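Every number for a ligand or one of its atoms is a count from 1 in the order of the listing. It should be emphasised that the depicted structure is a prediction, and the values quoted were computed from it without experimental measurement. The chain is numbered in sequence order, starting from 1.
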Amino acid sequence: MRTPFIAGNWKMNKTADEAVAFVNQVKDALNAIEGVDIAFCPPFMAIPAMAAALKGTKVGVGAQNMYFEASGAYTGEVAANMLTPFCKYVIIGHSERRQYFGETDETVNKKINAALASGLIPIVCCGESLQQNQAGVTHDFVSGQIRNGFAGISAEEAAGIVVAYEPIWAIGTGLTATAEQAQAIIGGTVRATLTELYGDETAQQIRIQYGGSVKPSNVAEIMAQPDIDGALVGGASLKPDFVELVKNSV
Ligand code: 13P
C-alpha cells in the first residue's frame, strides 16, 4: 500500500529564524501522527537549520528546486548533492517555476535524473492552466508533462518518485478542484499515463499528491479518493493548524 504523504511547500515565505520557530511549535504534534509521511519544503536559506530542528522526528525536509548540473559556472544555482545532507525530497517543475523561471518538461526531466542520482526523492509537479482546463485539453497536456518529464526514467526509479497534480487555477486562489475532479485527472490521466509507461504494478506504487488550496477542512474528502495519496500544501502549511490538516488526512 502507498503511505499517504503530506508536504508543505512554503514557497518564498519565512526566514530561517521564523522557520525554526514554526517547526519547534508543531514538530511534536506532527511527530505523533501515525500512518502518514510529512515534510516541509522551506526556502533554501532555512534548510540546514530546519533539518537540525527536525532531527529525530518523522518530519522530513525538502527543497523547492535545484539545478541539474553537479557543479560549475551556474551563478545562483544549487546542486542536488548540496541538498542531500539536509533534504530527503526536492520539488521539481512546480508551476510557478515553469511560469516565472522558464522551466520546461526538458529541464524537469534533467532535474529528475540529477535528483535520483543524488539520492533525493523528486516531487514532480504537473497541472494545467485555467485556459487549458476551459479548452478541454487537460488530459493531453498533463499526460504530455508526465511522458516528457519521465522520459528515460526506469520503472524501478519511477516507483520511488512522487507526482503532484496541481491545477494552476486552484493554486492560492481558494478555488479547489472538487475531490471528484481531482480524482478524475489523478486516476484517469496521471496514473493512467504512468500505467501506459511502466505497467500496472509500478504505477500502483507511485504516490500521487493533489495540490491547490488544500485546507484542514477539505483534506479528508480529497484523501478519500482512491488514486490520491497525499497533498502538496502551500498557504495552509505556513500556519499552526497544518497539524489539524495532517491529522485530518489519515
Ligand atoms: P496553495 O495550497 O496555497 O493553493 O498552494 C498549492 C501549491 O502550489 C503547493 O505547491
Heavy-atom nearest neighbour in the protein, as seen from atom 2 (O) of ligand 1, with distance rounded to 0.1 Å: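 Protein heavy atom at minimum distance: Gly234 N, 2.9 Å.
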
Residue, atom name and distance, where the atom is the protein heavy atom closest to atom 3 (O) of ligand 1: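 Atom 3 (O) of ligand 1 sits closest to the protein heavy atom Gly235 N, 2.9 Å.
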
Distance under 4.0 Å to a non-hydrogen atom of [X]: what atoms of ligand 1 satisfy this?
X      : answer
Lys11  : 5 (O), 6 (C), 7 (C), 8 (O)
Ser213 : 1 (P), 2 (O), 4 (O)
Ala170 : 4 (O)
Gly212 : 4 (O), 6 (C)
Glu166 : 6 (C), 7 (C), 8 (O), 9 (C), 10 (O)

Check: [X] N/O within less than 3.5 Å of ligand 1 N/O:
X      : answer
Glu96  : no
His94  : yes
Val233 : no
Gly211 : no

Could you check whether [X] pairs with [Y] (Lys NZ or Arg NE/NH1/NH2 to Asp/Glu carboxylate O, under 4.0 Å)?
X      : Y      : result
Glu34  : Lys58  : no
Arg147 : Glu196 : yes
Arg191 : Asp229 : yes
Lys215 : Asp241 : no

Val137 backbone acceptor or donor facing Asp140 side chain under 3.5 Å: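 No, because the side chain of Asp140 does not come within donor-acceptor range (under 3.5 Å) of the backbone of Val137.
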
Check: Gly144 main-chain N/O paired with Asn148 side-chain donor or acceptor under 3.5 Å: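 Checking the backbone N and O of Gly144 against the side chain of Asn148, a donor-acceptor pair under 3.5 Å is found.
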
Heavy atom of Lys215, distance to ligand 1 below 4.0 Å: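 No heavy atom of Lys215 comes that close to ligand 1.
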
Proximity flag Gly172 to ligand 1, non-hydrogen atoms under 4.0 Å: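 Yes.
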
Check whether any side-chain heavy atom of [X] sits under 4.5 Å from a side-chain heavy atom of [Y], and report yes or no.
X      : Y      : value
Thr138 : Thr189 : no
Pro122 : Lys111 : no
Leu238 : Trp10  : yes

Close aromatic pair by centroid cut-off 6.0 Å: Phe5 and Tyr89: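 Yes, they do, as the ring centres are separated by less than 6.0 Å.
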
Cys125 and ligand 1 - part of the residue with a heavy-atom distance under 4.0 Å: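 Under 4.0 Å from ligand 1, Cys125 contributes no heavy atoms.
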
Residue portion contacting ligand 1 (non-hydrogen atoms closer than 4.0 Å) for Asn9: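 Side chain only.
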
